[in-house]
**Q** 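Pasting a structure here, questions to come.
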Amino acid sequence: MNDSTKQKEGAPSFVPPGFLNSAPCHRGRQASFKVGNAAKQDLFAEAKGKITIFDAWEMLGLNGEPKATCKSPFREDKSPSFSIHSEGKAFKDHATGDGGDVIEFIRLAIGGNHQDVREWLRERMGANYAPTTTHSAPKTRPAIQWPSDQSEGTGSTWKAFAKLRGYSCPAVYAMVKSGTLSFCKIGSDKCFIVTDPTHRAAEIRRIDGGLFFNGRKAYPLSGVDKSWLIGANWIKGEPKQTSVLFTEGATDLLAAFDLYSRYRREGGNESWLPITLLGAGCKTLCPEITATIKGRYVRIVPDADPAGDQMADHWQALLRKIGCTVDIVNLPTGTDLSDHLHTIKPTDLYSQ
């Protein structure tokens, strides 16, 4: 952007499906582990012997500094209540009661199960490991428990949604056809769903902007993987010149879609990929995304509040550690990207 971001060089060429129809190296500690003849070894046992919680903290790109006594990397912690002990082999969160070895630490950090931890470790330690057991099928990632059937809606649905939210009809069409936007009904409440074709992460909001039974704007979905950035499935296989617009929250992703659709219709020729994380409290990056986003140019658009500031600092550091070049858009205090849907110029947001 003109004054609020640093500029970059290069012209990306990627265009997400449906849209046209409408850095520095890792500066933290690097852990390198030789696998050796480990075909019959258990990956968890090998990891426990080679990786300390200090190492895992750095490898995961978690916020804060790992010390014997420190603040928890998994939650807001006003005073240090997290400890790492047994020569870095174990941890304890004295506020929540969570604790365990490095395997449990990684599991909590990535928000998955033990199969997810195994996949995360294989990417970093090698793939020549036999499963702990062979008599049962590996666990699969729990699916999102949808509260009702999803629908693309109709032309009248899209037109009404566009008018209500202030989006253009071509942008809403692109959102729907790319698998980012769908609709459902929970009880008597008409709702919209923000997700992507992987259905790894999602958020449901009421169309009228009201609250659900729990007093929150987002419906409490079970099975959501918050380490998955919605829209990240588009990155795989695309040229490294592709730039990424990294937003905070489901509605900001829709705002980014609309602004990008306007940018292209107004003649903008740079290609960007809008993606989002579900909330400033998300601290980890799914290993599958790491390989595809590393080395790319990323522009972060955080909410302009203390949580958004922390999010931006954390993700800027994490993304730079995997070789991304990063800049940050500074919005007026107390606002988010959706608030500027009709005041920000698309060329300011999506120009180099």
**Q** Salt bridge check: are Lys177 and Glu152 linked by an N-O gap of less than 4.0 Å?
**A**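 Yes.
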**Q** Is the number of heavy atoms from other residues, nucleotides or ligands under 6.0 Å of Asp149 CG greater than 12?
**A**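 No, because the 6.0 Å sphere around CG of Asp149 holds 12 heavy atoms or fewer from other groups.
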**Q** Does either side chain, that of Thr52 or that of Asp55, offer a donor lying less than 3.5 Å from an acceptor on the other one?
**A** yes
**Q** Could you tell me the separation between the CG atom of Leu254 and the CZ atom of Arg205, rounded to the nearest 0.5 Å?
**A** 9.5 Å
**Q** State the CD1-CD1 distance between Ile193 and Ile204, to the nearest 0.5 angstrom.
**A** 4.5 Å
**Q** Is Asp98 salt-bridged to Lys92, going by a charged N under 4.0 Å from an acidic O?
**A**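 No, this pair does not count.
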**Q** With a 6.0 Å cut-off (strictly less than), is the heavy-atom count around NZ of Lys294, excluding the residue itself, greater than 12?
**A** no
**Q** Taking atom types as modelled and ignoring hydrogens, do the side chains of Tyr219 and Asp189 form a donor-acceptor contact shorter than 3.5 angstrom?
**A**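 No - no donor-acceptor pair under 3.5 Å links their side chains.
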**Q** Between the side chains of Thr347 and Arg262, does any donor sit under 3.5 Å from an acceptor?
**A**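 Checked: Thr347/Arg262 side chains show no N/O donor-acceptor pair below 3.5 Å.
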**Q** Could you check if a side-chain atom of Phe257 sits within less than 4.5 angstrom of a side-chain atom of Tyr167, using non-hydrogen atoms only?
**A** no
**Q** Could you measure the distance from the CG atom of Asp303 to the CG atom of Asp252? Nearest 0.5 Å is fine.
**A**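 Answer rounded to 0.5 Å: 5.5 Å.
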**Q** Does atom NZ of Lys240 have more than 12 heavy-atom neighbours from other groups under 6.0 Å away?
**A** yes
**Q** Only counting residues at least two apart or in another chain, list the ones meeting ring-ring contact (aromatic ring centres under 6.0 Å, His included) with Trp315.
**A** Phe246
**Q** Inspect the contact between Lys345 and Glu266 and indicate whether a charged nitrogen and a carboxylate oxygen are less than 4.0 angstrom apart.
**A** no
